[in-house]
Amino acid sequence: MIVVSDNKALRGHLDSVREQSRVAFVPTMGNLHDGHLSLVHQAKAAADIVVVSIFVNPMQFGKEEDLATYPRTIDADIAALKAADVDVVFTPSIADIYPQGDQAHTAIRVPFLGEPLCGAQRPGHFDGVCTVVYKLFRLVQPDVAVFGEKDLQQLLIIQKMVQDLSLDIDIQQGLTSRAGDGLALSSRNQYLSDAERQIAPRLWQALQQCAKTLRGAANVSAENTLAQASHDLEAAGFTVHYLELRELQTLTTATDLSRDCALFVAATLGTTRLIDNIQISAAG
Ligand code: PAF
């Protein structure tokens with residue numbers, strides 16, 4: 001495994017192997033857990049060479065967000081990627097990615113899909129994600145890239161960006177990895193206190209319960225089901241930012257399951273923001 005932080009060294013290395021090899025790419029912000037490693041395993045199955053980037057992207061953090069305190073564990077990350085038999089770890093600096101600062105950088109915005117849910121909660125967040133992912137795609141030039149379903153809105157936005165910008169990259173989705181009690185793995189879970197960690201799995205339980213109710217009866221009101229679940233989560237100690245049923249293709253609000261949908265939730269426990277989702281197909 002090689003670790004490179006320089007754009008030119010990365011390009012030089014990949015250009016020398018690209019002719020004979022398919023390249024798969026997993027972009028990350030580091031602080032790797034089993035969820036990231038399952039994306040890496042998927043990437044390994046899809047290509048000959050696996051590149052993982054570690055870059056805490058300032059452009060996707062709002063002013064009040066946790067950029068300064070976001071967990072950075074580069075040595076442990078590199079050891080985990082070595083053990084997972086990754087070929088190249090790319091660790092660019094902020095100056096490499098944003099030579100004149102992220103505010104002065106050209107931004108990529110995916111309209112509509114980037115506006116609701118986390119887009120409404122975190123203005124500019126998805127512009128920052130798209131910009132850095134596009135830039136990393138240009139540097140790595142992968143054949144395949146793997147993104148987790150845990151960040152389903154992000155995944156849909158990246159798929160749209162790739163389609164709109166005619167990028168020849170196969171975007172694969174990786175299943176959400178969960179702790180034994182159902183909590184979706186996330187780097188931010190470590191911010192939870194012991195008491196909050198006990199409550200946190202209720203988010204996934206609420207999604208499963210809502211999905212079951214909505215699948216169960218044709219005339220059930222999605223609005224009432226979600227309002228009740230939201231109320232129950234608040235009673236358990238969450239501050240619910242959204243719990244919504246949206247159509248998968250467009251992320252417009254859905255009132256029934258006549259099209260493929262997903263339930264999306266974002267809620268904070270104490271100061272920790274958690275997100276999760278569950279897909280519900282029209283076929284049941
Ligand atoms: O999902 C993430 O960790 C980030 O949003 C990504 C895709 C690495 C871009 O910074």
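When reading the values below, keep in mind they use all heavy atoms of this one structure, side chains included, and skip hydrogens, waters and symmetry mates. Bear in mind the structure is a predicted one, so any value in this text is a computation, not a measurement. Numbers here are sequence positions counted from 1. Numbering of ligands and ligand atoms starts at 1, following listing order.
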key: Carboxylate-amine/guanidinium proximity below 4.0 Å for Arg197 and Asp194   = no
- [ ] Look only at interatomic distance and state if Thr28 has a nitrogen or oxygen under 3.5 Å from any nitrogen or oxygen of ligand 1.
- [x] no
Those residues at least two apart in sequence (or on a different chain) that pass salt bridge (charged side-chain N to carboxylate O under 4.0 Å, His left out) with Arg188 are Asp66
The closest protein heavy-atom partner of atom 1 (O) of ligand 1 is Gln154 NE2, 2.9 Å
Note: ligand 1 atoms sitting under 4.0 Å from heavy atoms of Gln60 are 4 (C), 5 (O), 9 (C), 10 (O)
heavy-atom search around atom 3 (O) of ligand 1 in the protein gives Met29 CG, 3.7 Å
task: Tell me whether Val17 is reachable from Val40 by hopping between hydrophobic residues (I, L, V, M, F, W, Y) whose side-chain heavy atoms are closer than 4.5 Å.
output: no
Polar side-chain atom of Lys150 near backbone of Ser186 as donor-acceptor pair, under 3.5 Å: no
_Criterion side chain to side chain donor-acceptor pair (under 3.5 Å) on Gln209 and Asp232, from CA distance to verdict_ = CA-CA 12 Å; Gln209 187 55 51; Asp232 294 347; over 6 Å; no
For Val132, the ligand 1 atoms with a heavy-atom partner under 4.0 Å come out as 9 (C), 10 (O)
